[in-house]
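For reference, the structure is listed below as C-alpha cells.
On a predicted model such as this, the values are computed, not experimentally measured, just so you know. Counting starts at 1 for both ligands and their atoms, following the listed order. Keep in mind that the numbers below use all heavy atoms, side chains included, and drop hydrogens, waters and symmetry copies.
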Amino acid sequence: MQFIDLHRQFDRIEDGVREGFDAVLKHKGFIGGPEIKELQKQLAEYTDVKHVIACASGTDALTVPLKAWQLKETDAVFVPSFTFFASAESITLAGGTPVFVDVDYDTFNMDPADLEAKVKETLEEGKLTPKGIVAVDLFGLPADFPAIREVAEKYGLFVLEDAAQGFGGTIGDKRAGSFGDVGSTSFFPAKPLGCYGDGGAIFTSDDDMAFLIDSIHVHGKGTDKYDNVRIGYNSRLDTFQAVVLLNKMTLFDDELDKRNFVAAEYTKRLKDTFETPVVPERFGSSWAQYTLKAKDKEERETIVAKMKEQGIPVMVYYPIPIHRSGAYKHLGAKNLPVTDELSDRVFSIPMHPYLEVEEIEMICNALKDIVNR
Ligand SMILES: *Cc1c(COP(=O)(O)O)cnc(C)c1O
C-alpha cells in the first residue's frame with residue numbers, strides 16, 4: 001500500500017500529459033512557454049485572486065514575497081513551530097527572524113490567542129519589531145484567518161498564507177491562497193495539487209506586491225529584462241510542470257470530493273477510538289493529511305511499527321517542532337506546550353483520493369486492533 005498513490009491518478013491523465021509534453025517538445029518554450037500563462041490564469045480564476053506568479057518551489061513561493069517585504073534581522077515574523085521547516089526557513093532566507101507561535105490542539109493550526117500573546121511579548125522585550133505573520137494551512141485545513149487577520153490589523157502586520165498543503169481548502173465561499181495579503185503554495189508531488197518535480201505559485205490581489213514578486217522571482221528584473229533593479233532569485237516553474245498541473249486541474253475538484261469521502265469514511269470508523277481531525281464550521285479541508293493522536297509517544301511508536309509490519313505506511317508529521325530543530329534551537333523559543341505535545345503524539349495514515357473502501361476498512365481495523373481500546 002502507498003501512503004500517497006500517484007499511479008491511479010496518472011492513469012486518468014496519461015494521454016493529456018503525454019500530448020502536452022509533446023507540444024512543449026515541439027514549441028520548445030521550456031521556460032516561460034504558453035502553458036505557464038494558461039496555468040497562472042486558471043489558478044487565479046480558481047482562487048479568485050488577481051495575480052498568480054508560478055515559481056520553482058513552495059519554499060520560494062514563501063521566500064519571494066517575504067523578500068518583497070524587505071525584512072531585516074530585527075524584524076519578527078510570527079509562524080507556527082508545528083509545521084514543515086520551510087514555513088520558518090523562508091523567513092530567515094528573506095532576512096527576518098521567526099518568532100514561534102503555538103497551535104490549537106484540535107485544528108493543528110496557529111492559535112490566534114497565542115499569536116497575540118507572542119506579539120505582545122515581542123513588543124515588551126523590545127529586541128525585535130513585529131512585522132508579519134506566516135500562517136499555515138496545515139494538513140489541508142485553512143488556518144483561522146478571520147481571527148489572525150484581526151490580530152494583524154491591530155498590530156499592523158502583513159499576513160502570508162502558507163497554503164503548500166492547503167490548496168483546495170475553503171473558508172465560506174473563499175479558497176485557500178486568497179486568505180492573506182499574499183498566499184503561496186507548493187506543487188511538490190505529494191501535495192494536494194502536485195506536479196512531477198518541484199514547483200510553486202504565489203497569489204496576491206495587491207498590484208504593487210504582484211509587481212515586486214514578478215521582479216524578484218526573476219533576478220530582480222526591471223522593465224528591461226537586462227536592467228536588474230533589485231536582488232532577486234532564479235525561481236521559475238518550467239513548462240513541463242505546467243502541463244502536468246493543467247491536466248491535474250481537470251481532476252482537482254473531483255479529487256477533492258474523493259478526499260472528503262475518504263476522510264469521512266475514516267472518521268466514521270475511528271471516532272470512537274481516536275480524536276479524529278476537527279474541521280470547524282464553514283471551513284473545508286483539502287485533506288493533505290489525515291492526522292490522528294496517539295495516547296503518548298510510546299503508543300505512537302507501537303502504532304507506526306505494527307502498521308508497518310502489516311504493510312500499511314504511517315508517517316509522523318512532524319516529530320521535531322521547528323523551535324527544537326538544530327537550526328533554530330539557539331533562538332531559545334519556549335512556551336509552546338501544545339506544539340511539544342502534538343510532536344510526540346501525532347501520526348498520519350494513508351490519504352489520497354483513490355483509497356478504496358476496503359483499504360480504508362483494513363487500515364482502520366488494523367489501527368483499532370493495535371491500540372485495543
Ligand atoms: C511542502 C511545504 C512547503 C515547501 O514546499 P516545497 O515545494 O517543498 O519547497 C512549505 N510549507 C509547508 C507547510 C509545506 O508542507
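- Both tests pass for Lys293 against the ring of Tyr105: distance under 6.0 Å to the centre and angle within 45° of the axis.
- Evaluation of the side-chain hydrogen bond (donor to acceptor under 3.5 Å, both in side chains) rule for Lys41 yields no partner, not counting sequence neighbours.
- You'll find the ring centres of Tyr317 and Phe347 outside the 6.0 Å limit.
- Close placement of the Tyr328 and Phe85 rings is indicated, their centers lying within 6.0 Å of each other.
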Please tabulate, one line per pair, the protein nitrogen or oxygen atoms found under 3.5 angstrom from a nitrogen or oxygen of ligand 1, with distances to 0.1 Å, or say none if there are no such pairs.
| residue | atom | partner | partner atom | Å |
| --- | --- | --- | --- | --- |
| ligand 1 | 5 (O) | Ser186 | OG | 3.3 |
| ligand 1 | 7 (O) | Gly58 | N | 2.8 |
| ligand 1 | 7 (O) | Ser186 | OG | 2.6 |
| ligand 1 | 9 (O) | Gly58 | N | 3.3 |
| ligand 1 | 9 (O) | Thr59 | N | 2.8 |
| ligand 1 | 9 (O) | Thr59 | OG1 | 2.5 |
| ligand 1 | 11 (N) | Asp162 | OD1 | 3.3 |
| ligand 1 | 11 (N) | Asp162 | OD2 | 2.8 |
| ligand 1 | 15 (O) | Gln165 | NE2 | 2.8 |
| ligand 1 | 15 (O) | Lys191 | NZ | 2.6 |

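- Thr267 places no side-chain N or O within 3.5 Å of a backbone atom of Ala264 that could act as its donor or acceptor partner.
- The backbone N or O of Leu256 lies less than 3.5 Å from a partner atom in the side chain of Asn260, making a donor-acceptor pair.
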